[in-house]
Amino acid sequence: MLCQYCGTKLADDTVTCPYCGAVLAAAPGAEAPGTMEMPKKPVTPLAPAHPMKWFKFVIWVQLFLSALISLSSAVSMFSGSLYLGAADRVYSIYPGLKVIDILAGVVFLALAAFAIYIRQQLAHYKENGPKFYLILLVIAAAETFLYALAATIIVGANMFSIRTVIALIFGVVMIVLNNIYFKKRAELFVN
């Protein structure tokens, strides 16, 4: 059968469209042999249970961008390019920063791979997809906080810039809002 809203081909027993989130009319069933077919009333399309625009943005834009930004950050951490050509000088003064940068680079590589994995989980409506997405957001926020904290300890000066604080606040807001968003759509993620 086809979804009445987005036209996606679905299995005949599908109740909720996994692509647009629409709750479909009762799936057509095979009639028992020898029964007389009753005239069918026209099916009135039902409104989608919840809008799915944010979900589509997450799986088609946000997670891919997150993976690219994480890869870029990993390269920046491994190469020391975040110090704008002064990496050798910075590392000679604060050798502990090199260790922290390498560890952060490894975390960023893992986050990039995890973002793509989560994208696949969400796109296929896997049960753990939303949970993994929230874990990704928590790890990203924790990485930002822990990097600034470690740099503060090593340098001996406050490394919590306005940008870092804004990123942390944004991360916490994203975690809370996405938790609410995916809880309302939990019935879609059952694969």
Side-chain angles (χ1 to χ4, degrees), residues 21 50-186 188-189:
H50 296 287
M52 297 296 283
K53 289 180 183 177
W54 175 251
F55 173 76
K56 289 177 183 178
F57 174 78
V58 167
I59 66 170
W60 290 109
V61 178
Q62 194 263 330
L63 285 169
F64 285 123
L65 284 177
S66 178
L68 287 174
I69 291 168
S70 292
L71 276 176
S72 171
S73 296
V75 169
S76 175
M77 291 294 181
F78 288 137
S79 68
S81 64
L82 67 155
Y83 300 111
L84 306 173
D88 291 337
R89 188 167 154 232
V90 169
Y91 291 149
S92 68
I93 297 169
Y94 305 108
L97 278 180
K98 186 167 189 164
V99 173
I100 299 302
D101 289 348
I102 290 171
L103 290 174
V106 170
V107 171
F108 279 123
L109 278 179
L111 285 174
F114 196 37
I116 297 302
Y117 174 75
I118 292 165
R119 190 263 171 221
Q120 294 304 105
Q121 293 291 303
L122 287 173
H124 293 100
Y125 293 84
K126 298 292 183 181
E127 185 176 0
N128 288 328
K131 179 173 64 174
F132 289 157
Y133 180 57
L134 292 173
I135 290 170
L136 175 74
L137 294 175
V138 168
I139 292 170
E143 195 279 337
T144 300
F145 174 77
L146 292 174
Y147 182 82
L149 179 64
T152 297
I153 292 168
I154 291 169
V155 173
N158 186 4
M159 300 301 286
F160 286 91
S161 66
I162 295 295
R163 183 176 150 196
T164 303
V165 173
I166 290 172
L168 287 171
I169 292 169
F170 181 73
V172 170
V173 168
M174 286 288 288
I175 292 164
V176 170
L177 293 179
N178 278 294
N179 188 34
I180 294 167
Y181 180 87
F182 282 107
K183 276 187 177 179
K184 288 183 178 179
R185 292 156 181 81
L188 297 176
F189 297 93

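As a basis for the values below, the full set of heavy atoms in this structure was taken, side chains included, without hydrogen atoms, waters or symmetry mates.
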- Message: Is there a side-chain contact (heavy atoms from CB on, under 4.5 Å) between V106 and F78? Walk through the geometry before answering.
- Response: CA-CA 9 Å; V106 170; F78 288 137; 4.0 Å; yes
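- From M52, atom CE reaches atom CD1 of I59 across 8.0 Å, with rounding to the nearest 0.5 Å.
- Residues I154 and Y94 share a closest heavy-atom pair of O-CD2, 3.9 Å.
- In this structure, CG in L137 is found 5.5 Å from CG in N178, a value given to the nearest 0.5 Å.
- S70 places a side-chain N or O within 3.5 Å of a backbone atom of S66 that can act as its donor or acceptor partner.
- Here the side chains of L111 and L136 are in contact, with some heavy-atom distance below 4.5 Å.
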- Apply side-chain contact (heavy atoms from CB on, under 4.5 Å) to I116 and L63, showing your working. CA-CA 7 Å; I116 297 302; L63 285 169; over 6 Å; no
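- Between the side chain of S76 and the backbone N or O of S72 there is no donor-acceptor pair closer than 3.5 Å.
- For the pair R185 and Y181, the cation-pi criterion (under 6.0 Å, within 45° of the ring axis) is fulfilled.
- Taking CD1 of I180 as the start and CD1 of I175 as the end, the distance is 12.5 Å to the nearest 0.5 Å.
- Contact check for D101 versus Y83: side-chain heavy atoms found under the 4.5 Å cut-off.
- Note on ring orientation: taking the six-membered ring where Trp is involved, the planes of F132 and Y117 are tilted (angle from 30° to 60°).
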Would you tabulate the side-chain donor-acceptor contacts of residues 155-169 under 3.5 Å, counting partners in other chains and residues two or more places apart, or write 'none'?
{"from": "N158", "atom 1": "OD1", "to": "F160", "atom 2": "N", "distance (Å)": "2.8"}
{"from": "S161", "atom 1": "OG", "to": "R163", "atom 2": "N", "distance (Å)": "3.4"}
{"from": "S161", "atom 1": "OG", "to": "T164", "atom 2": "N", "distance (Å)": "3.2"}
{"from": "S161", "atom 1": "OG", "to": "T164", "atom 2": "OG1", "distance (Å)": "3.0"}

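- Under a cut-off of 6.0 angstrom, the local environment of CZ in F64 is crowded, with over 12 non-hydrogen atoms contributed by other residues, nucleotides or ligands.
- A87 and G80 make their closest contact through CB-O, 3.5 Å (heavy atoms, listed as atom of the first residue, atom of the second, distance).
- Here the side chains of L146 and V107 are not in contact, with every heavy-atom distance at 4.5 Å or above.
- Within a 6.0 Å radius of CG in D88, no more than 12 heavy atoms belonging to other residues, nucleotides or ligands are found.
- Legend: side-chain hydrogen bond (donor to acceptor under 3.5 Å, both in side chains) pairs involving residues 132-143, not counting sequence neighbours, sorted by first then second residue: Q62-Y133.
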- Step by step, work out the ring pair (Phe, Tyr, Trp, His ring centres under 6.0 Å) result for Y147 and F108. CA-CA 12 Å; Y147 182 82; F108 279 123; 8.0 Å; no
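- H124 NE2 to F189 CZ: the interatomic distance, rounded to the nearest 0.5 Å, is 12.5 Å.
- Contact of the L177 side chain with the W54 side chain is not registered, since no non-hydrogen atoms from C-beta on lie closer than 4.5 Å.
- You'll find the side chain of L122 reaches within 4.5 Å of the side chain of F182, heavy atoms only.
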